[in-house]
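Inspection log for the structure reproduced underneath, given as structure tokens.
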Amino acid sequence: MEKALENTKELLLSHQFYQQQALTVARQLLGALLVRRSPAGMTVGKIVETEAYGGPEDKACHAWKGMTERTRIMFGPGGYAYVYFIYGMYHCFNIVTGSEGDGQAVLIRAIEPLAGLEIMSARRNTDKLTNLCSGPGKLCQALAITRADNGVDLCSDQLQLLSGEAVSDSQVIQTPRKNVDYAAGAKLFPWRFIIKGSPFVS
DNA sequence: GCGGAGATTTCC
DNA sequence: GAAATCTCCGCG
């Protein structure tokens, strides 16, 4: 794995890619590789579950009420990390998409662990592969993503995404997003994308 | 300032 | 099914 990731420049997803609409990016990110480099070592996973957030109709989006200090990064151009703290104990990792001023993002909900498994296991305190990164809070813990990563450029070394094997439409399931019941009309938007049959989804 | 609620996870 | 636990945000 480490060897395969030595020369990845041409696989690195560009700022131009992230500046598409959140829905498009959420679908396209399925199968992409999330690469995390930290002092403890490199951890890598394949994205198997995403959710799109954004637009004037989407009450579930943090940016819906306008820009605040927390959501400031969401209103910048796509290609940067938006990390927030939730329920007093967990972090969620998002990818800012669209153009400056849009206020949209894609939540990474689950990845399939591919490299750095020992590091992830130690951070998560479990050996069970399907429990390492099968949820937004879990994968942040496994990859040691915290608010210190808010605003990080996704073309930088510490955190980046590489295009992976193409995922065809027949392998993709779309469903409503999780835990957004409070969001009136937006709660039924089918903006959650899953790789069909993956045991690593949340 | 205060209080409510949240893109969750875990354990009883 | 509820607790853990803390920041953000709206209201005054």
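Everything numeric here is computed off the predicted structure, so don't read it as measured data. Chain naming here is simple, since letters A, B, ... match the order of the sequence lines and numbering starts at 1 in each.
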Would the distance check show the side chain of [X] and the main-chain N or O of [Y] forming a donor-acceptor pair, the cut-off being under 3.5 Å?
X         : Y         : answer
Gln174(A) : Pro190(A) : yes
Arg123(A) : Ala142(A) : yes
Asp58(A)  : Ala60(A)  : yes
Asp149(A) : Thr146(A) : yes
Arg124(A) : Leu132(A) : yes
Ser134(A) : Thr130(A) : yes
Arg177(A) : Ala186(A) : yes

Interatomic distance where [atom1] belongs to [X] and [atom2] belongs to [N] [whole Å]:
X         : N      : atom1 : atom2 : result
Asp181(A) : dG6(B) : CG    : P     : 9 Å
Arg123(A) : dT9(B) : CZ    : C1'   : 19 Å
Lys65(A)  : dG6(B) : NZ    : P     : 10 Å
Lys59(A)  : dG6(B) : NZ    : C1'   : 14 Å
Arg72(A)  : dC9(C) : CZ    : C1'   : 16 Å
Tyr182(A) : dC8(C) : OH    : C1'   : 13 Å
Arg124(A) : dT8(B) : CZ    : C1'   : 11 Å
Leu107(A) : dT8(B) : CG    : C1'   : 11 Å

Using 30° and 60° as the class limits, which term best fits the ring planes of Phe85(A) and His91(A): parallel, tilted or perpendicular?
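Because their plane-to-plane angle lies in the 30° to 60° range, the rings of Phe85(A) and His91(A) count as tilted.
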Which parts of residues 85-96 of chain A get close to DNA chain C, meaning a heavy atom less than 4.0 angstrom away?
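Residues of residues 85-96 of chain A that come under 4.0 Å of DNA chain C are, in numerical order, Phe85(A), Tyr87(A), Gly88(A), Met89(A).
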Is there a side-chain polar atom (N or O) of [X] under 4.0 Å from OP1 or OP2 of [N]?
X         : N      : result
Arg70(A)  : dC6(C) : no
Asn179(A) : dT8(B) : yes
Arg109(A) : dT8(B) : yes

Would Lys178(A) and Glu51(A) pass as an ion pair if we require N to O under 4.0 Å?
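Salt bridge flag = no for Glu51(A) with Lys178(A).
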Starting at the 5' end of DNA chain B and moving along, which residue's nearest nucleotide shows up first, Gln141(A) or Lys178(A)?
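Looking at DNA chain B, the more 5' nearest nucleotide goes with Lys178(A).
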Among dT8(B), dA7(B), dT10(B), which nucleotide has an atom closest to any side-chain atom of Asn131(A)?
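Selected nucleotide: dT10(B).
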Any stacking of Tyr84(A) on dA7(B), going by centres under 5.5 angstrom and planes within less than 30 degrees?
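It does not: the two rings, one from Tyr84(A) and one from dA7(B), miss the stacking criterion.
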Could you provide the dot-bracket string of DNA chain B, using ( ) for intrastrand pairs, [ ] for crossing pairs and | for bases paired to another strand, with Watson-Crick or G-U pairs below 3.5 Å?
||||||.||||.
Testing the 3.5 Å rule here: is there a donor-acceptor pair between the side chains of Glu112(A) and Ser198(A)?
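No, because no side-chain N or O of Glu112(A) sits under 3.5 Å from a partner of the opposite role on Ser198(A).
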Mind checking if Arg177(A) touches a base, just sugar-phosphate, or nothing, with heavy atoms under 4.0 Å?
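Result for Arg177(A) = nothing.
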Sugar-phosphate, base or nothing in reach of Arg147(A), heavy atoms under 4.0 Å
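Counting heavy atoms under 4.0 Å across all strands, the contact made by Arg147(A) is with sugar-phosphate only.
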